[in-house]
Amino acid sequence: GKGEDAPQAAAPAPAVPAKIVVGLDDNFPPMGFRDEKNELVGFDIDMAREAAKRLGIEVEFKPIDWSAKEAELNSKRVDALWNGLTITEERKKNIAFTAPYMENHQIIVVAAASSIQTKAELAGHVVGAQEGSSAVDAIKKEAEVAASLKSLKTFGDNVTALVDLSAGRLDAVVVDEVVGRYLVAKRANDYRVLTDNFGTEDYGVGTRKEDTALNAKLDEVLAAMKQDGTAGRIAMQWFGADIVK
Amino acid sequence: MPSTTNSAAAATRPAMIEARGIVKSFGALRVLDGVSLTLGKGEVVAVIGPSGSGKSTFLRCLNHLETIDAGTVLIEGETLATDEGSGHSRYGSDAEVRRICSKMGMVFQSFNLFPHMTVLQNIIEAPITVKGMARDEILPKAEELLRKVGLLEKRDNYPSRLSGGQKQRVAIARALAMEPDIMLFDEPTSALDPELTGEVLRTMRQLADEHMTMLVVTHEMGFAREVAHRVIFMDQGSIVEEGPAPAFFLAPAHPRTKAFLGQML
Amino acid sequence: MPSTTNSAAAATRPAMIEARGIVKSFGALRVLDGVSLTLGKGEVVAVIGPSGSGKSTFLRCLNHLETIDAGTVLIEGETLATDEGSGHSRYGSDAEVRRICSKMGMVFQSFNLFPHMTVLQNIIEAPITVKGMARDEILPKAEELLRKVGLLEKRDNYPSRLSGGQKQRVAIARALAMEPDIMLFDEPTSALDPELTGEVLRTMRQLADEHMTMLVVTHEMGFAREVAHRVIFMDQGSIVEEGPAPAFFLAPAHPRTKAFLGQML
Amino acid sequence: MEYALSLVGPLAQGAQVTLTLFFITLGLAVPLGLVLALARVSRWRALSNAVNGYIWLMRGTPLMLQMLFIYFALPFVPVIGVRLPDFPAAVVAFALNYAAYFAEIFRAGILSIDRGQYEGSKVLGMTPLQTLRRIVLPQMVPRILPPLSNETITLVKDTSLIYVLALNDILRVARGIVQRDFTTTPFLVAALFYLLMTLVLTWGFQRLEKHYAKYDQ
Amino acid sequence: MEYALSLVGPLAQGAQVTLTLFFITLGLAVPLGLVLALARVSRWRALSNAVNGYIWLMRGTPLMLQMLFIYFALPFVPVIGVRLPDFPAAVVAFALNYAAYFAEIFRAGILSIDRGQYEGSKVLGMTPLQTLRRIVLPQMVPRILPPLSNETITLVKDTSLIYVLALNDILRVARGIVQRDFTTTPFLVAALFYLLMTLVLTWGFQRLEKHYAKYDQ
Ligand SMILES: Nc1ncnc2c1ncn2[C@@H]1O[C@H](COP(=O)(O)OP(=O)(O)OP(=O)(O)O)[C@@H](O)[C@H]1O
Ligand SMILES: Nc1ncnc2c1ncn2[C@@H]1O[C@H](COP(=O)(O)OP(=O)(O)OP(=O)(O)O)[C@@H](O)[C@H]1O
Ligand SMILES: [Mg+2]
Ligand SMILES: [Mg+2]
């Protein structure tokens with residue numbers, strides 16, 4: 001193991017490596033997931049491919065357990081986290097982020113027949129979210145809303161939370177806009193998205209703090225992709241709208 | 001010293017055991033081929049015969065450890081199994097069978113002591129669980145039985161700590177503790193030395209005086225001669241010859257019996 | 001018909017078994033209290049005594065089934081255990097002990113057949129695994145042994161399908177298949193009927209003629225009297241009396257022996 | 001170190017959920033497993049086969065899926081359909097699942113009892129139920145202790161599966177803190193909790209084994 | 001229905017990962033477990049205690065944590081530290097963990113053999129190894145089949161824990177499709193896959209039981 005690490009440790013500011021490993025949650029449509037042929041596809045996949053092409057480096061996608069993303073990055077099993085990673089102050093302590101490449105809202109989903117119309121009406125109700133997601137952080141950030149809830153239940157994934165919403169045990173689910181809208185679109189008759197949300201966040205690509213060269217290059221290339229409209233085209237393909245920032 | 005008064009009395013009352021035409025096969029092997037036997041009250045009958053002749057199987061058929069294929073068994077006048085000509089004799093309900101069989105105690109060739117109970121617990125278990133006796137009630141009796149078989153000082157040992165002979169004596173005491181009307185013994189003395197065989201035989205003779213009916217499979221010719229009223233010789237699943245004990249040994253009629261007795265040392 | 005020529009010859013060569021002052025306790029219970037015995041080549045010695053007197057334990061000490069606390073054991077002049085006065089006698093390496101003990105075959109009170117093997121497999125197992133014999137080599141011998149004990153037709157049965165008597169005969173054949181110089185028997189005939197006891201005794205007598213040394217714990221006084229050269233009477237962990245077979249039975253010297261023999265039927 | 005100590009409080013709350021589920025499951029699955037084992041060895045063919053099918057189904061599918069089924073799908077099943085809250089749903093799934101595993105262990109124990117023991121009891125007039133209670137069970141318990149301890153210890157750790165119903169067992173609490181604080185220390189502290197629980201169980205089972213060894217050779 | 005059939009392809013790929021891990025684990029853990037069981041019953045106290053400690057540690061902590069440890073923390077341990085790729089790390093964790101469980105089952109089997117069998121072999125001159133191979137193991141196998149089948153079937157389903165290393169076993173593939181298509185059908189199809197695998201295993205174990213029943217009473 002040691003021999004492999006040595007070159008990176010020895011040269012403090014090296015050039016961008018010839019190949020990077022991108023860690024992602026392959027259960028995160030439409031950012032990164034598997035299609036019917038069991039192949040990795042998604043918005044972030046296409047973005048990373050394009051970026052790598054422009055940098056002239058090779059890219060490998062490695063599915064990781066999203067809750068172990070920091071450990072994967074730290075143990076150098078992956079070089080970048082690129083999968084709808086929300087930029088937070090907490091995470092900035094441990095991870096270097098590129099400039100935001102996309103904006104995301106924490107939307108509130110309720111059952112189609114529900115009487116709830118606003119964020120304030122969540123008071124006294126049971127709200128669900130994905131464990132460890134930025135939705136949880138977003139709810140907690142709004143302290144008085146969080147305090148007014150009957151309880152906050154966190155699930156292993158968003159689908160379970162939405163199914164429990166259908167089953168009537170939950171009154172609302174807070175979820176990333178990108179995945180939330182994707183899922184709600186599949187069952188448009190069952191769910192409704194409120195206009196209120198739990199704030200706006202930025203998505204960025206995460207790298208190790210010491211890999212400054214890689215971080216800088218990614219920033220450069222992402223800016224270029226926005227500029228020439230490539231990023232917008234990719235967004236159109238996955239979201240039906242140019243939502244890159 | 002066989003007594004004929006007991007067997008004579010048996011004719012007027014229902015026989016303790018009445019078995020007629022018992023047939024039993026294991027797969028293709030016909031182990032019992034129409035065995036009939038009547039035991040009067042207080043009678044002691046010894047069953048002898050070569051190995052594999054079906055002696056153990058016969059005993060096991062009498063108390064429902066094996067179900068018979070044909071034939072009838074009556075215990076003290078009550079029907080345990082009736083022949084129905086269907087290849088399997090008919091038995092009553094489980095409770096009925098258990099009630100009838102509870103009149104018979106049995107001592108096995110292989111002891112079958114309960115290994116998780118001490119000697120004393122082995123003896124008092126059935127009187128307490130089955131008869132619902134109080135511990136205080138059965139305890140003195142159990143100790144007396146242990147004294148009888150010479151194992152009172154082993155009362156708190158587990159069976160695995162006993163020698164073969166000791167185990168068999170506990171098994172006999174355990175069966176007697178249920179106060180059965182009839183006792184079936186499958187080679188009860190085969191693991192006992194002569195000294196203790198003597199003790200057990202005294203106990204058994206005493207039981208006979210209390211009108212205990214006994215059917216004893218044994219290889220001990222001495223026992224058969226001295227204690228039994230009647231001796232039955234089995235071979236290849238049939239009773240070849242039977243007779244009152246002394247006469248049987250002095251003048252066996254059948255050539256097979258002659259050959260068998262002739263080979264004894 | 002005991003022969004004294006064999007025992008006389010033993011004096012000039014190393015004894016087959018020489019046990020001196022064997023002591024063995026189980027916890028607080030001193031089961032063997034200084035037992036000594038010398039067996040010459042071809043000698044047949046019967047050990048008798050009441051239950052619990054330590055007969056089985058003595059046999060088990062000779063072939064390392066129990067380790068002794070004090071005393072010395074030599075087999076055919078080779079040291080199995082030497083007394084070191086430390087409360088435990090010293091044994092050699094495992095391989096050494098195994099080599100020395102392999103000169104003795106043993107037949108148990110409880111058979112100890114291998115239940116997962118047929119009768120034939122039980123017999124050929126050790127010759128093949130231990131001696132490395134070829135199957136073809138041992139097969140005719142195994143069949144001959146089975147014929148000798150009258151069980152050739154049961155060769156492909158599993159032990160659970162045999163009666164007690166049949167099991168014990170297989171156990172004897174199994175021990176003989178290893179062609180030991182010495183045979184230890186722990187009540188080999190206790191589960192056999194007289195007819196088959198006769199067969200086994202003939203086999204054993206034949207073995208004696210082939211200079212087989214035998215130590216036999218038995219409750220069969222007939223066997224002790226007729227076949228053994230010498231009889232040993234044990235009681236409470238000690239040898240109380242010993243002597244040549246016929247004399248021993250005709251004129252026992254010790255009162256304990258007299259009482260024991262007197263109680264035989 | 002101070003940090004690790006600060007984790008003990010939240011993790012102990014998680015441990016409480018874990019242990020509650022553990023004990024309730026054990027209390028339900030052991031008797032149910034025994035009944036299933038007896039049905040499985042009974043001479044009544046239809047019953048034996050039905051139980052065999054049940055055991056196959058329960059051992060044949062992941063407990064996680066069974067839990068999701070009872071939680072989400074059971075309400076829509078006619079007649080038996082009930083909408084259970086999360087913890088009761090977990091309890092039902094765990095009890096039904098573990099009963100199948102216990103049943104197989106008990107069956108092995110029942111089959112290991114020598115036939116002579118049944119015959120000895122029968123000639124003393126004991127009913128099958130008395131024989132079971134007084135002769136078979138006491139002899140069977142020491143023999144099945146090792147696999148039983150295996151299964152019980154597995155259960156302690158399987159309880160963490162209730163995370164799919166969003167219940168906060170010890171492992172889920174630990175995972176939450178790992179994500180919050182970006183350190184793996186909570187996992188180590190959780191491991192210590194598990195080791196402690198298993199230590200108590202192992203110690204208990206070894207005491208039982210010793211207790212029962214007394215009559216064995 | 002057509003949709004369910006379209007899932008068979010991807011799920012079969014997941015099943016391949018599941019089965020590969022299953023067979024490799026079995027192949028490593030069974031012999032290792034036997035060695036551990038022998039060490040555990042050996043008269044050499046230090047060895048027996050060491051193995052006892054190992055079994056406690058392995059059964060005492062969740063397999064998931066063990067896997068995370070071998071994957072993430074082992075590289076930083078001096079001397080034995082190696083950085084294993086994901087699948088080999090999972091294999092090592094599974095084999096070490098399951099060996100502990102198998103060891104306890106084997107130990108129970110060894111202890112269930114009657115002392116007379118050892119004595120019978122010993123007086124025939126068999127070495128302890130020969131006795132083990134020819135007398136103890138063949139008699140032990142039928143007795144431990146039920147708990148062994150329990151543990152083996154548990155293994156089939158435990159393989160799904162490799163999701164923490166983001167390896168796509170059958171259950172993780174199913175979960176991925178559930179996320180993608182927002183329908184629970186993939187879980188049902190996955191349950192059928194598990195049932196099928198368990199059916200084959202159960203059938204195999206029952207054949208073995210029948211095979212060994214021939215010499216039993
Ligand atoms: N359960 C069984 N299945 C098949 N055959 C059996 C069974 N039990 C006994 N046998 C066979 O039935 C025959 C009679 O056996 P049984 O035990 O009644 O003989 P026995 O006269 O008591 O012999 P022994 O004096 O050796 O005890 C034997 O050949 C035996 O192998
Ligand atoms: N492993 C043991 N642990 C404790 N005590 C034992 C053990 N084995 C035997 N004993 C005791 O040692 C004594 C001698 O037993 P042993 O089996 O040698 O007697 P025996 O002369 O062969 O009797 P039997 O004729 O009944 O077979 C008995 O009192 C017995 O209870
Ligand atoms: Mg018999
Ligand atoms: Mg003895």
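Note that this is a predicted model, so its numbers are computed, not measured. Letters A, B, ... mirror the listed sequences (proteins, then strands); counts begin at 1.
Heavy atoms closer than 4.5 Å to chain E are found in both the backbone and the side chain of Leu195(D). Of the atoms belonging to Ser160(E), not a single heavy atom falls under 4.5 Å from chain D. Neither the backbone nor the side chain of Gln66(D) comes within contact range of chain E; no heavy atoms are under 4.5 Å apart. Contacts between Ser112(E) and chain D at a heavy-atom distance below 4.5 Å are absent for every atom of the residue. At a 4.5 Å heavy-atom cutoff, the contact between Leu171(D) and chain E is made by side-chain atoms alone. Only the side chain of Leu68(D) comes within contact range of chain E, judged by heavy atoms closer than 4.5 Å. For chain E, the nearby part of Arg107(D) is the side chain; its heavy atoms alone come within less than 4.5 Å. Met197(D) does not touch chain E: none of its heavy atoms, backbone or side chain, sits under 4.5 Å away.
Proximity of Lys157(E) to Met64(D): side-chain heavy atoms (C-beta onward) are nowhere separated by under 4.5 Å.
Between chain D and the options Pro62(E), Ala108(E), Pro146(E), Ala191(E), heavy-atom pairs under 4.5 Å are most frequent for Pro62(E). Each of Thr61(E), Asn150(E), Thr184(E), Thr198(E) has some count of heavy-atom pairs under 4.5 Å with chain D, and the biggest count is that of Asn150(E).
In this structure, a donor-acceptor pair under 3.5 Å is absent between the side chains of Thr202(D) and Arg59(E).
Here the CG-CD distance, from Leu148(E) to Glu104(D), works out to 12.0 Å after rounding to the nearest 0.5 Å. Distance check: Leu145(E) CG to Leu111(D) CG gives 11.5 Å after rounding to the nearest 0.5 Å. Of the inter-residue distances, the one linking Phe72(E) atom CZ with Phe187(D) atom CZ reads 9.0 Å to the nearest 0.5 angstrom. To the nearest 0.5 angstrom, Tyr101(D) atom OH is 6.5 Å from Ile153(E) atom CD1.
By the neighbour-count criterion of 12 heavy atoms within 6.0 Å, atom CD of Gln16(E) is sparsely surrounded, having that number or fewer from other residues, nucleotides or ligands. Within 6.0 Å of CD in Gln13(D) there are 12 or fewer heavy atoms belonging to other residues, nucleotides or ligands.
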Does the side chain to side chain contact (heavy atoms under 4.5 Å, CB included) test come out yes or no for Arg143(E) and Arg143(D), once each step is laid out? CA-CA 10 Å; Arg143(E) 296 184 200 186; Arg143(D) 297 184 200 185; over 6 Å; no
